[in-house]
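Let me begin by presenting the structure, written as structure tokens, before commenting on it.
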Amino acid sequence: MFYIGCHLSASKGFTAMGKAALQIGANTFQFFTRNPRGGKAKDISEKDVADFLVLAKENDFGVLLAHAPYTLNAAAADKDVRQFALDTMRDDLRRMEYVPHNYYNFHPGSHVGQGAEEGIKKIADALNAVLTKDQTTTVLLETMAGKGTEIGRSFKELQSIIELVGLKDKLGVCLDTCHVYDAGYDIVNRLDGILENFDRIIGLDRLKAIHLNDTKNPFASHKDRHEKLGQGFLGEAALVKVVNHPKLRELPFYLETPNELDGYAAEITLLKKRRKE
Ligand code: FE
Ligand code: FE
Ligand code: ZN
């Protein structure tokens, strides 16, 4: 099964997202759990969730990907900023149980001058504080571009976080094609080698989802600017290879390209056409 979707606005609820996904040929989607810059989350409507679950089942939807606000910083030096990240993640994970067995992706954080090692420790501490053995949600660490003092710029940094977490079976990784290329992993010319490297350091069984984006910036520029598929430095051929790769093709793919719904629909149509049987 080819699970493909894109980032959708969560403002009208799950059923509206499910219908929007179907309209553009998607069978999964990503959404922010609350305002991407933080702030209070909307209450979950049980009726909306129940309707969505029926729609998702009827249409063979794949696993959903929730995205934490990108301003969270579990690695912050400031105790209040760290506490806010903790409270938000805990509340998000509680709310995710309304739609059980999905994924919750977050940006590991920025060490803001404390050093990567200290940041890694703080992120692991946060995960150890919020993960519970009863949760059905798998929490994904996103591979980052390495902008500023971002942690997660290398597979090694992600693995260092995972190693310090107790409930490892609740953890996975989301690979962002724009970010890894920006971070210095040449997935255009060396995709097989990069995946072998990922497998050696983290283990491919940890890889749960792909953010499929092109990039506005050349290799290893650490900038994190997404581009429409085929219009950036990754190019269409490299991205088509990603969705067909034997080690990746069973994973769900989520577009985070700069598009409105019609642009996403066109990219999904293109990918379906280029997907091998
Ligand atoms: Fe992200
Ligand atoms: Fe991403
Ligand atoms: Zn990004």
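We count ligands from 1, going down the list as the structure has it; atoms in each ligand are counted the same way. As the structure is a computational prediction, the values presented were derived from the model and not from experiment.
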Angle at the Fe ion (ligand 1) (to 10°), with one arm to OE1 of Glu142 and the other to NE2 of His107: 90°
May I ask you to check if any N/O/S atom from His67 comes under 2.8 Å of the Fe ion (ligand 1)? yes
Among the N, O or S atoms that Asp176 has, which is closest to the Fe ion (ligand 2)? OD2
Glu256 atom (N/O/S) at minimal separation from the Fe ion (ligand 2): OE1
Taking backbone and side chain together, does His211 place any N/O/S atom at a distance below 2.8 Å from the Fe ion (ligand 2)? yes
Taking only Lys NZ, Arg NE, NH1 and NH2, and the carboxylate oxygens of Asp or Glu, determine whether [X] and [Y] approach each other closer than 4.0 Å.
X	Y	value
Lys168	Glu163	no
Arg82	Asp78	no
Asp91	Arg34	yes
Lys122	Glu118	yes

Flag Cys178 as yes if one of its N/O/S atoms falls below 2.8 Å of the Zn ion (ligand 3), otherwise no. no
Side chains of Asp214 and Gln231: do they bring a donor and an acceptor to under 3.5 Å? no
Angle class for the Phe32/Tyr70 ring planes (parallel below 30°, perpendicular above 60°, tilted otherwise)? perpendicular
In His226, what N, O or S atom is nearest to the Zn ion (ligand 3), if we give its atom name? NE2
Per residue Asp224, nearest N, O or S atom to the Zn ion (ligand 3) is named OD1
